[in-house]
Structures are given as structure tokens and as C-alpha cells.
Amino acid sequence: MTVTLEELTGWLKQQRWFGGKGVPISKVEVLERIPLQSAPDAEASIVRVSYVLGSHETYLVLLQRMPDGQLRDALEDPGVSRAVLDFARDARRVPVGAGVVRAETIGRGAEMLASLPGEPSVRALGVEQSNTSVVIGDRILLKVLRKLEVGLSPEVEMGRFLATHGFRSTPQLLAALTLEGPSASELALLYAFVPNQ
């Protein structure tokens, strides 16, 4: 999929999770492209946004081009969420530029992810803040991290500890998708979904 930097910049400014609204952007660059084998018409990219004031932020962007030429968030397509689930379920590793995107199952994660059907239902959670969450098969919460921070996430570190020590009073972390390499960061997390009113 081909996306111009002008299109990408305009699209980013419209996203609720984009933190740089109202701040003059000096440059947007795609650092890495991550293949989504099960969703070939969509693209995941690591994007650096540099601001006129000299700071920058890094985002995980999932895009899909519609038949009318418009761009949309690829997570609006249930097949893309299923592609991320498959990546985690198979504990895949994919080379990406100077690094690797790796899926790791945690605690009972492999067992719970394997118990889902091949094409589970997918629905948006309906609340979007700085991340995007979807519910898969009414049993798994997929949380896609949008603004990326370099280093080990405390959420993953604590979630892994609790999941591997049998703690049941929080939603159980089942899997993590991590970009390993010079700019290592967490990309997505899968939790046991806890329904609520």
C-alpha cells in the first residue's frame, strides 16, 4: 500500500489518540513497515512525528485504503484484529528493518488464544483514549498501543509477573507483541476480557 507523507500527516491530525494536535509538525517519517500477512490490504508502520519545537513522538499506525481512495484506521476491519491475534497465537517473529517484531504468550495465554475459533467475532470497545482496544470472541481484549515508548513497559512487566504467579484479581495478560532492537517498545497487548455492565 502506498501512502504519501502528506496523506499520512493529514490523517494523523484527525486521530483521537494522536497527541500532537495543535502543535506545528516539521516532519513525519515512516521508520519501519510491519507486514500483516493475514491482511495484505492493510499496513502497520512505526512513524516518527517531529515537531517545529524540536521534540518528536513515535506512533504505531495501522492503515487501510478504502475503495474510494480514503484512508481509515485498519482496526476498523475485523480481519486486521484477527491478523494480530493470529500473530500472537502462533508466537511469530518477523524481521523489521534493524529489529524484530516478536509475539510472546504469557501464563495461560497460549491455551486461551488457541481456544478461540479460527474467525472469532470482533467489536470495538467503544472508548478510545491514547490506545485502541477491541474485543475478540468476547473473550480477549486486544489493546494496540499508539504512542510508543522505548524500553520495557511497566504494564507488561507487572502483567507478566501477576499472570505467572496465579494472581486472579486483575485481567490476565495473555500475550505481548514487542518491537525488539534499537528502538525497542511494546506494540500490542492481549488480555483476558472481563465483561462489565
Side-chain angles (χ1 to χ4, degrees), residues 17 33-46 60-64 72-96 99-149 152-181 184-197:
W17 44 260
R33 295 183 191 280
I34 303 168
L36 296 173
Q37 291 139 334
S38 305
D41 59 337
E43 178 177 281
S45 301
I46 307 294
L60 174 61
V61 175
L62 291 97
L63 286 176
Q64 188 173 46
R72 75 170 181 178
D73 189 316
L75 287 174
E76 293 178 32
D77 177 353
V80 173
S81 295
R82 290 184 194 115
V84 175
L85 172 68
D86 289 344
F87 192 91
R89 201 176 351 210
D90 299 341
R92 293 184 195 156
R93 297 174 58 92
V94 173
V96 175
V100 170
V101 173
R102 179 178 66 90
E104 166 198 14
T105 55
I106 297 166
R108 294 180 45 237
E111 173 190 337
M112 286 191 69
L113 297 179
S115 70
L116 288 172
E119 287 202 15
S121 62
V122 175
R123 65 179 169 88
L125 195 55
V127 289
E128 183 166 317
Q129 298 159 4
S130 57
N131 303 306
T132 303
S133 297
V134 297
V135 178
I136 303 175
D138 288 321
R139 296 180 51 208
I140 306 294
L141 175 75
L142 167 62
K143 178 179 177 182
V144 175
L145 306 175
R146 295 307 192 145
K147 185 177 176 189
L148 303 182
E149 303 291 341
L152 178 63
S153 160
E155 184 175 359
V156 173
E157 188 174 17
M158 183 61 74
R160 180 183 292 115
F161 178 84
L162 295 175
T164 57
H165 287 81
F167 188 76
R168 300 283 182 237
S169 296
T170 60
Q172 187 176 6
L173 181 61
L174 304 174
L177 276 64
T178 306
L179 173 64
E180 298 178 338
S185 55
E186 304 300 334
L187 302 176
L189 307 173
L190 290 94
Y191 286 93
F193 179 61
V194 179
N196 195 351
Q197 65 274 15

* Side-chain touch Leu173/Leu162, heavy atoms, less than 4.5 angstrom -> no
* Starting from the C-alpha separation in whole Å, work towards a yes-or-no answer on side-chain contact (heavy atoms from CB on, under 4.5 Å) for Leu187 and Ile34. => CA-CA 11 Å; Leu187 302 176; Ile34 303 168; 4.1 Å; yes
* To do: Determine the minimum heavy-atom distance between Leu75 and Ser81, stating which atoms define it.
  => CD2-OG, 3.6 Å
* **Which residues share a side-chain hydrogen bond (donor to acceptor under 3.5 Å, both in side chains) with Glu119, sequence neighbours left out** => none
* Asked: With a 4.5 Å heavy-atom cut-off, do Ser115 and Arg139 have their side chains touching?
  -> yes
* Asked: Under a 4.5 Å cut-off applied to non-hydrogen side-chain atoms, are Gln64 and Glu76 in contact?
  -> no
* Would you say Arg160's side chain and Ala176's backbone share a donor-acceptor pair under 3.5 angstrom? -> no
* Compare every heavy atom of Leu148 with every heavy atom of Glu186, then report the nearest pair and how far apart it is. => O-CD2, 3.4 Å
* Asked: For Phe161, does the CZ atom have more than 12 heavy-atom neighbours from other residues, nucleotides or ligands under 6.0 Å away?
  -> no
* Asked: Listed by chain and number, what are the side-chain hydrogen bond (donor to acceptor under 3.5 Å, both in side chains) partners of Thr170, not counting sequence neighbours?
  -> none
* Of all the heavy-atom pairs spanning Val96 and Arg33, show the shortest one and how long it is. => CG1-O, 3.7 Å
* Just how far is it from atom CG of Leu60 to atom NZ of Lys147, taken to the nearest 0.5 Å? -> 14.0 Å
Mind listing the side-chain donor-acceptor pairs of residues 105-112 below 3.5 Å, one per line with the distance, residues two or more places apart or on another chain?
none

* Structure fact -> Heavy-atom nearest pair, Ala124 first then Val134, reads CA-CG1, 4.1 Å
* Nearest 0.5 Å, what's the CG-CD distance between Asn131 and Glu155? -> 7.5 Å
* Asked: Could Arg92 and Asp86 be called an ion pair, given the rule that one side-chain N must be under 4.0 Å from one carboxylate O?
  -> no
* Structure fact -> Value for CG (Leu85) from CG (Leu113), rounded to nearest 0.5 Å, stands at 6.0 Å
* Could you walk me through whether Ser45 and Glu43 pass the side chain to side chain donor-acceptor pair (under 3.5 Å) test, one step at a time? => CA-CA 6 Å; Ser45 301; Glu43 178 177 281; 3.2 Å; yes
* Asked: Distance from Lys143 atom NZ to Leu177 atom CG, nearest 0.5 Å?
  -> 14.0 Å
* **For Ala175 against Ala88, the heavy-atom pair lying closest together** => CB-CB, 4.2 Å
* To do: Give, for atom CG of Leu142 and atom OG of Ser133, the distance between the pair rounded to the nearest 0.5 Å.
  => 7.5 Å
* To do: Could you tell me whether the side chain of Phe193 reaches within less than 4.5 Å of the side chain of Ile140, counting heavy atoms only?
  => no
* **Value rounded to 0.5 Å, distance of OG in Ser185 from CD in Glu149** => 8.5 Å
* Asked: Do Arg146 and Asp73 come close enough that some side-chain heavy atom pair is under 4.5 Å?
  -> yes
* **Residues, nucleotides or ligands: over 12 heavy atoms within 6.0 Å of Glu157 CD** => no
